[in-house]
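Structure record follows, encoded as structure tokens.
One-based numbering along the sequence shown. Here the structure is a predicted model, which means the values were calculated and not measured.
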Amino acid sequence: GYKLLLAGRNESKLESLSKLLDNEKFVVCDLEKTDSIKDIFEYSQKNSLIFDGFVHWAGYAINMPIKMLKVEEMERQMRVHYFAFLELCKFFSRKEISNNNSSIVALSSLASLTKRKMSTLYSASKSALNVAISVASKEFVKRNIRVNGKRIVYKERIKDSPINVIAGGTEFVPIAV
């Protein structure tokens, strides 16, 4: 069997999802505040949990023309999609946190490859995520930690699935233990 440690910023959604999955473990963590990511791994160490994998499923998009961009919004997009993934990988790669032969999966977006108007921030942050996936897969090969990404489009999300309805498809990080 498997266990999940859920992490996300919305405690009530985490509680609902935990009940749906018959799972009691979750940590409130806002991926925008990368300092809070360590809370996931502190919780795991306090509870003697060693990870076999994690899924980075974070989505936050504001579409606006380049002439209206603000640095704060650029930083927010990068924190949620890119910096959070790197922080998760940094902690996960420690031997006391994860097993050898583990897996990391990051959900990206086809927007990282397309050139739609007003999608500069989202597309750039997901492109950065794609590069991080490729580099991490090479860095973690020594421990046989597989790092893979899947580029999805909004239409691929199953809007009526209980998990998507509860988790909202955003900023939700299920971690297999």
Side-chain angles (χ1 to χ4, degrees), residues 5-18 20 26-42 53-93 103-140 147-175:
L5 173 59
L6 306 174
R9 66 181 176 170
N10 187 315
E11 187 169 5
S12 64
K13 286 183 181 181
L14 288 169
E15 284 177 14
S16 298
L17 187 56
S18 285
L20 176 74
F26 66 87
V27 177
V28 177
C29 167
D30 187 344
L31 295 179
E32 187 181 340
K33 298 177 177 94
T34 52
D35 297 2
S36 71
I37 290 172
K38 71 180 179 326
D39 297 343
I40 298 168
F41 300 97
E42 286 174 357
F54 82 82
V55 176
H56 178 61
W57 177 22
Y60 166 74
I62 295 289
N63 295 319
M64 64 179 66
I66 291 170
K67 65 183 177 183
M68 294 180 67
L69 296 179
K70 296 194 179 343
V71 171
E72 295 79 19
E73 192 55 46
M74 293 178 212
E75 290 171 345
R76 183 174 187 204
Q77 292 270 333
M78 293 302 281
R79 275 194 306 273
V80 170
H81 299 132
Y82 177 61
F83 299 151
F85 178 72
L86 292 176
E87 278 293 294
L88 288 163
C89 286
K90 177 179 83 177
F91 285 105
F92 184 85
S93 66
S103 296
I104 298 171
V105 177
L107 298 181
S108 183
S109 172
L110 283 177
S112 65
L113 304 173
T114 60
K115 298 160 186 78
R116 284 191 20 233
K117 284 173 36 176
M118 300 195 312
S119 68
T120 301
L121 296 181
Y122 184 74
S123 296
S125 66
K126 289 296 187 174
S127 291
L129 174 61
N130 294 342
V131 170
I133 292 165
S134 296
V135 172
S137 70
K138 289 172 178 49
E139 287 190 22
F140 299 158
V147 185
N148 295 292
K150 173 147 176 58
R151 292 180 189 102
I152 59 172
V153 291
Y154 183 78
K155 292 176 188 168
E156 285 185 70
R157 285 184 31 206
I158 302 168
K159 294 179 191 155
D160 297 327
S161 81
I163 290 174
N164 196 51
V165 169
I166 292 169
T170 60
E171 296 189 38
F172 165 71
V173 183
I175 301 182

Minimum side-chain heavy-atom gap [X]-[Y] below 4.5 Å:
X   : Y    : value
L6  : L17  : yes
E72 : R76  : no
L88 : I104 : no

Would you name the heavy atoms of [X] and [Y] that are closest together and state the gap between them?
X    : Y    : result
S127 : S112 : OG-O, 2.9 Å
N63  : S119 : OD1-CA, 3.8 Å
K126 : A58  : NZ-O, 2.9 Å
I66  : T120 : CG1-OG1, 3.5 Å

Rounded to the nearest 0.5 Å, how far does [atom2] of [Y] lie from [atom1] of [X]?
X    : Y    : atom1 : atom2 : result
Y82  : L31  : OH    : CG    : 15.5 Å
S18  : E15  : OG    : CD    : 8.0 Å
K67  : M118 : NZ    : CE    : 10.5 Å
L121 : M64  : CG    : CE    : 6.5 Å
H81  : S108 : NE2   : OG    : 8.5 Å
C29  : N10  : SG    : CG    : 13.0 Å

Note to self: Ring-plane angle category for F85 and H56, please: parallel below 30°, perpendicular beyond 60°, tilted otherwise.
What the structure shows: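 Taking H56 first and then F85, their aromatic rings sit tilted (interplane angle of 30° to 60°).
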Checklist line | Intermediate values then yes/no, side chain to side chain contact (heavy atoms under 4.5 Å, CB included), L107 and L129 | finding: CA-CA 9 Å; L107 298 181; L129 174 61; over 6 Å; no
Item checked: Option among F54, F140, F41 that satisfies the ring pair (Phe, Tyr, Trp, His ring centres under 6.0 Å) test with F92 ->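 It is F54; the other options fail the test.
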Got a list of side-chain donor-acceptor pairs under 3.5 Å for residues 132-139, not counting sequence neighbours?
residue, atom, partner, partner atom, Å
S134, OG, N130, O, 3.4
S137, OG, S134, O, 2.7

Check: Can you name the salt bridge (Lys or Arg N to Asp or Glu O under 4.0 Å) partners of K33, sequence neighbours left out?
Finding: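 With neighbours one apart ignored, the set is D30.
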Checklist line | Side-chain ion pair, K90 and E87, N-O less than 4.0 Å | finding: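 Yes, K90 and E87 are salt-bridged.
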Check: So F83 and E75, side chain to side chain contact (heavy atoms under 4.5 Å, CB included) or not? Walk me through it.
Finding: CA-CA 10 Å; F83 299 151; E75 290 171 345; 5.9 Å; no
Next item on the list: List the steps, then state whether side chain to side chain contact (heavy atoms under 4.5 Å, CB included) holds for F91 with I37.
Entry: CA-CA 9 Å; F91 285 105; I37 290 172; 4.3 Å; yes
Note to self: Among residues at least two apart in sequence or on other chains, which ones pass side-chain hydrogen bond (donor to acceptor under 3.5 Å, both in side chains) with Q77?
What the structure shows: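 With sequence neighbours excluded, Q77 shows a side-chain hydrogen bond (donor to acceptor under 3.5 Å, both in side chains) to no residue whatsoever.
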